[in-house]
Amino acid sequence: MLNWKHARTVIQLPLLAIAALIVLDGFIGPSNAPDNFAGVLPWVHWRGFVVLALLVFGNLFCMGCPFMLVRRPAKRWLPARWNWPAWIPGKWLAIALLIVFFWSYEAFDLWASPWWTAWVAVGYFGAAFAVDGLFKGAAFCKHLCPIGQFHFVNSMASPFEVKVREYTTCQSCTTKDCIAGRHDPATGRLVQSGCELYLFQQRKAGNLDCTFCLDCIQACPHDNVGIIARNPLDEFRRDANRSGIGKLSERLDYALLALVLVFGSLLNAFGMVGPVFRFERWLAGVLGLESEPAVLALVFIAGLVVMPAGLVVCAGWTSHLLTRSTRPLLPLISRFSFGLVPLGFAMWVAHYGFHFFTGALTVVPVTQAFLLDIGIDLLGEPRRELAALLSQSMIDMIELIVLQLGLLATLAATYVISRDTFGRPRALRGALPWAVLALLIFIAANWLMAQPMEMRGTFLS
Amino acid sequence: MTLHRMLSRREQPRLLLLLIGVALVLMLASMACTRGGEESDAAGDVTMEIEITPDPPEVGPAVVEVILMDEDGDPVDGAELEIEGNMSHAGMEPVIVGAIGEQAGHYVSDGFAFTMGGDWIITVSGTLDDGREIERTFDLAGVSS
């Protein structure tokens, strides 16, 4: 079924319809987020489904990405022949955009504004169209899309991967359609793209940068590529020379991306609890600042750049000392940073899972009101009392279990990385500082989830 | 050189399609708050104010007092009102209670409580004595936890 040419489109079309509904209601619907599809579907349901899909499957939401539907006309209508600029390689621009997105989410209360949420969606369609219409390959996905980076990094903890079934089949393959694409022998015309993120299946390792777009699966003439179950710890076992990426120990940009998402998981939740407002007010008073975006910018620079950098340098340096390693410090820090991904992902699952399980049913009254407003009396009067899918005690228990599993997975990943880096006799000593850092993050995550929620748009007024 | 001549025969309909798409988005964006918003309040001449106790508001039981007045400042009695509290973030269970009419255009919530700290949206809706519908929304920032 995955080999069917339109398999991805079938998944994308319903999500395109939902995106259109979000834009439509964001623009013409009620300004109150709880009454509007643009307030409910992206911030409650989509985020919840994303983390659940990553947890039980893989990068399903890049596979179904509706923004990519505009790539097809963009590639046909615009030149699409430029190479991505060499002076902004890898993930640097994506990291900046991700930080800007996290900051603007808090600074401009995107969650409380259906109108701005609709504009974000429109902006996404426009940016995907323009970037992929001008540049070769999947430049938007690889170098820009903040949502895609979230999926890429967190799918390191997913149980499924797009990978080769039998490597011996690849060794005898002469056409390499999975990367080069399949061409019509008669006309020479490209009939099926290969991987546009430049992941050559034979050397692809792990889920990083894989959009599950199915191109390689459909291009392979031997039916030798599929979505295959795996042990997520395999992501961390070897410092493989990954196709399209290289060795993770040598990719500082990927490591920083991972760290931004790990610490972003804490900061994103931190922005919704009571103590943060008292801290931000205190900070504004000390610095004499009256601009909330400026105060938040300082908090984000501290929380996403300064603090993570300080903590991982400390952990890496201590690890270096304990193992008496002669290896350079930076590659070591880069590689070990990925070990924190499962714990960061667990925090995202706990946070977004909380919103999803607390408010999944709120889509029912919003749908009822929408239909009534457009003159369709099909589902009756809005049942505004509907909200939670699970009881609060059950949600609390799930959060706790998920965070504990995240810690265990990070400890296991850290040990695996340490064993591969320093050898079995020094593995525990090498992993110890990172385990302490993981424990600190785990304690911070539990403290945050135990705080009473206080979702404020303003804290200085 | 005109745009018509600059673009090929194939490119002209594509540009037109793009322009129609952009125009549609801009038109939609400029139509903010029209879905269902016009019918719910037919009492423009009636002013509504709310007062909340405790002040400043905090998590826990609270009293929302609604005051209705006509354009001459006279109290409007006999209305049947419902008070709904929502968090500004979607996905939270709303608090929906009735309001008991007291004297001189004052109505008091029956069992209202702030279930969570943060920004709230208070919506008061109902029917006036003369049958007209009324609905007003108030933003309430910073309910402390």
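As the structure is a computational prediction, the values presented were derived from the model and not from experiment. Numbers restart at 1 for each chain; the letters A, B, ... are given by sequence-line order, proteins then strands.
A/Ala33 approaches B/Ser88 most closely through the heavy-atom pair CB-O, 3.5 Å. Residues B/Met92 and A/Thr358 share a closest heavy-atom pair of SD-CG2, 4.0 Å. Residues B/Ile121 and A/Pro34 share a closest heavy-atom pair of CD1-CD, 4.2 Å. Nearest approach of A/Val44 to B/Ala90, heavy atoms of both residues: CG2-O, 3.5 Å.
When heavy atoms are compared at a cutoff of 4.5 Å, A/Val122 approaches chain B solely by way of its side chain, counted from C-beta outward. In this structure, chain B has heavy atoms under 4.5 Å from both the backbone and the side chain of A/Phe370. Looking at A/Phe354, only its side chain comes within 4.5 Å of chain B, counting heavy atoms on both sides. No part of B/Leu24 comes within reach of chain A, as not one of its non-hydrogen atoms sits under 4.5 angstrom from that chain.
A/Gln392 CD: more than 12 foreign heavy atoms inside a 6.0 Å radius. No more than 12 heavy-atom neighbours from other residues, nucleotides or ligands sit within 6.0 angstrom of CD on B/Glu80. For A/Trp82, the CH2 atom counts as loosely surrounded, since its 6.0 Å shell holds 12 or fewer non-hydrogen atoms of other residues, nucleotides or ligands. By the neighbour-count criterion of 12 heavy atoms within 6.0 Å, atom CZ of B/Arg132 is densely surrounded, having more than that number from other residues, nucleotides or ligands. In this structure, A/Trp116 places its CH2 atom where only 12 or fewer heavy-atom neighbours from other residues, nucleotides or ligands lie under 6.0 Å away.
Using a 4.5 Å heavy-atom cutoff, the side chains of A/Pro452 and B/Val59 are not in contact.
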Would B/Val25 and A/Phe125 count as a side-chain contact (heavy atoms from CB on, under 4.5 Å) if you check the C-alpha gap in whole Å, the side-chain angles of each, and the deciding distance to 0.1 Å? CA-CA 12 Å; B/Val25 167; A/Phe125 278 110; over 6 Å; no
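Across A/His45, A/Gln451, A/His355, the residue that shares the most heavy-atom pairs under 4.5 angstrom with chain B is A/His355.
Atom CG of A/Asn32 is separated from atom CG of B/Asp139 by 7.0 Å, given to the nearest 0.5 angstrom. In this structure, CH2 in A/Trp77 is found 5.0 Å from CG in B/Leu18, a value given to the nearest 0.5 Å. Here B/Glu84 contributes atom CD and A/Arg384 contributes atom CZ; the two are 5.0 Å apart, rounded to the nearest 0.5 Å. To the nearest 0.5 Å, the span separating CZ on A/Phe277 from OG on B/Ser144 amounts to 11.5 Å.
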